[in-house]
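All remarks here apply to the structure that follows.
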Amino acid sequence: MATLIEDIKVQSNWIIKAFKADGLTLDHSINSFIELDKFFQLHAENGQAIKGRRLSKNLGSIIFSIASYIGETLTKTVPGSVWETDDSDPQGEMNIAVKLPDGTTCWPAHRVIKRFQNGLEDGIYPYGFELTKSIINDDFDDSFWKIEKEVKPLEPKKPFWKFW
């Protein structure tokens, strides 16, 4: 049986490939969290997965994969950041955490769930930016503010055999 850290690595790599299929690029930068917000904008609305879209199946696995990517990005981008996991915790996948060198602890899966439920008001990019701004010294990417206006939820795809 794999450890949570092993699962995190596998799922983080998987989500990068899966997002590429949607034309969204994840590159382990804090700015790539904007792509995560775009994904939720495309596939969820009002705290619900859009029927027939990517989040309508395997929601828990996708949330874990996105959370894994967030944590992996933090550990790769912020020197001294470390994963905190507990393989004996029955809710271990939800309770994965990253401890930053300044002592801040964040729980990526909790943030992903908030983003799914509450929309852009709990955006992943602003969260990641605030966590790392004093360490990375990047400017806030204003393209985040365009997501609501420019990225609309996708309509469910009709099966090819339905003509109406």
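Every residue two or more places apart in sequence or in another chain that forms a side-chain hydrogen bond (donor to acceptor under 3.5 Å, both in side chains) with Ser88 is listed here: Asp86. With sequence neighbours excluded, the residues satisfying side-chain hydrogen bond (donor to acceptor under 3.5 Å, both in side chains) with Ser143 are Asp141. Under the side-chain hydrogen bond (donor to acceptor under 3.5 Å, both in side chains) criterion, Lys133 pairs with Glu130, not counting sequence neighbours. Qualifying side-chain contact (heavy atoms from CB on, under 4.5 Å) partners for Ile136, counting only residues two or more places apart in sequence or in other chains: Ile30, Thr77, Val78, Thr132, Asp138. Ser29 is linked by a side-chain hydrogen bond (donor to acceptor under 3.5 Å, both in side chains) to Asp27, counting only residues two or more places apart in sequence or in another chain. Applying the side-chain contact (heavy atoms from CB on, under 4.5 Å) test to Asp142 and every residue at least two apart in sequence or in another chain returns Phe140, Trp145. Partners of Ala2 according to the side-chain contact (heavy atoms from CB on, under 4.5 Å) rule, which considers only residues two or more places apart in sequence or in another chain, are Glu6, Asp7. Scored by the salt bridge (Lys or Arg N to Asp or Glu O under 4.0 Å) test, Glu93 finds no partners at all (sequence neighbours excluded). Take Gln11 and apply the side-chain contact (heavy atoms from CB on, under 4.5 Å) test, not counting sequence neighbours, and it matches Trp14, Phe64, Ser65, Ser68.
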Practice task
Kindly indicate, with the supporting measurements, whether the criterion side chain to side chain contact (heavy atoms under 4.5 Å, CB included) is fulfilled by Phe39 and Arg54.
Solution key: CA-CA 9 Å; Phe39 174 81; Arg54 297 219 189 274; 4.0 Å; yes
Exercise for the section: Go through the steps to decide whether Glu35 and Lys38 satisfy the test side chain to side chain contact (heavy atoms under 4.5 Å, CB included), and finish with yes or no. Expected result: CA-CA 5 Å; Glu35 300 293 282; Lys38 286 179 183 176; 3.2 Å; yes
Practice task
For side chain to side chain contact (heavy atoms under 4.5 Å, CB included), just list the numbers for Phe40 and Leu120, CA-CA rounded to whole Å, side-chain angles, deciding distance to a tenth of an Å, and then say yes or no.
Solution key: CA-CA 9 Å; Phe40 281 105; Leu120 281 172; over 6 Å; no
Exercise for the section: Go through the steps to decide whether Thr73 and His28 satisfy the test side chain to side chain contact (heavy atoms under 4.5 Å, CB included), and finish with yes or no. Expected result: CA-CA 5 Å; Thr73 298; His28 289 292; 3.2 Å; yes
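A heavy-atom distance below 4.5 Å is not found between the side chains of His43 and Ile50. A 4.5 Å side-chain heavy-atom check between Asn31 and Tyr125 finds at least one atom pair inside the cut-off.
Of all non-hydrogen atoms in Asp37 and Phe144, the two that sit nearest each other are OD2-CE1, 3.4 Å. Counting all heavy atoms, side chain and backbone alike, Phe129 lies closest to Asp139 at CE1-C, 3.7 Å. Leu131 and Ile135 get closest at one heavy-atom pair: O-CD1, 4.4 Å. Across all non-hydrogen atoms, the minimal contact from Val98 to Ser81 is CG1-CB, 4.1 Å. Lys57 and Ile62 get closest at one heavy-atom pair: O-CD1, 3.6 Å. The two residues Glu148 and Gln41 have their closest heavy-atom pair at CA-NE2, 3.9 Å.
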Return a table of donor-acceptor pairs under 3.5 angstrom between the side chains of residues 104-113 and protein atoms on other chains or two or more places apart.
unit_1, atom_1, unit_2, atom_2, d
Thr104, OG1, Asp102, OD1, 2.8
Thr104, OG1, Asp102, OD2, 3.4
His110, NE2, Met94, O, 3.0
His110, NE2, Asn95, OD1, 3.4
Arg111, NH1, Asp122, O, 3.2
Arg111, NH1, Asp122, OD1, 3.3

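Applying the side-chain contact (heavy atoms from CB on, under 4.5 Å) test between Tyr69 and each of Ile124, Leu26, Asn13, Ile8 identifies Leu26 as the sole match.
For the atom pair Lys114 NZ and Tyr127 OH, the distance stands at 8.5 Å (nearest 0.5 Å). The distance from atom OG1 of Thr25 to atom CZ of Phe19, rounded to the nearest 0.5 Å, is 11.0 Å. Remark: Leu55 CG to Ile63 CD1 distance equals 7.5 Å, nearest 0.5 Å.
The backbone N or O of Gln91 sits less than 3.5 Å from a side-chain atom of Asp89, completing a donor-acceptor pair.
Sorted by first and then second residue, the pairs that involve residues 71-82 and meet salt bridge (charged side-chain N to carboxylate O under 4.0 Å, His left out), not counting sequence neighbours, are Lys9-Glu72. Within the structure, no pair that satisfies the salt bridge (charged side-chain N to carboxylate O under 4.0 Å, His left out) test touches residues 39-48, not counting sequence neighbours.
Cluster membership for Val82 and Ile70, using ILVMFWY side-chain heavy atoms within less than 4.5 angstrom, is not shared. There is no path of hydrophobic side-chain contacts, each under 4.5 Å, that joins Val10 to Leu74.
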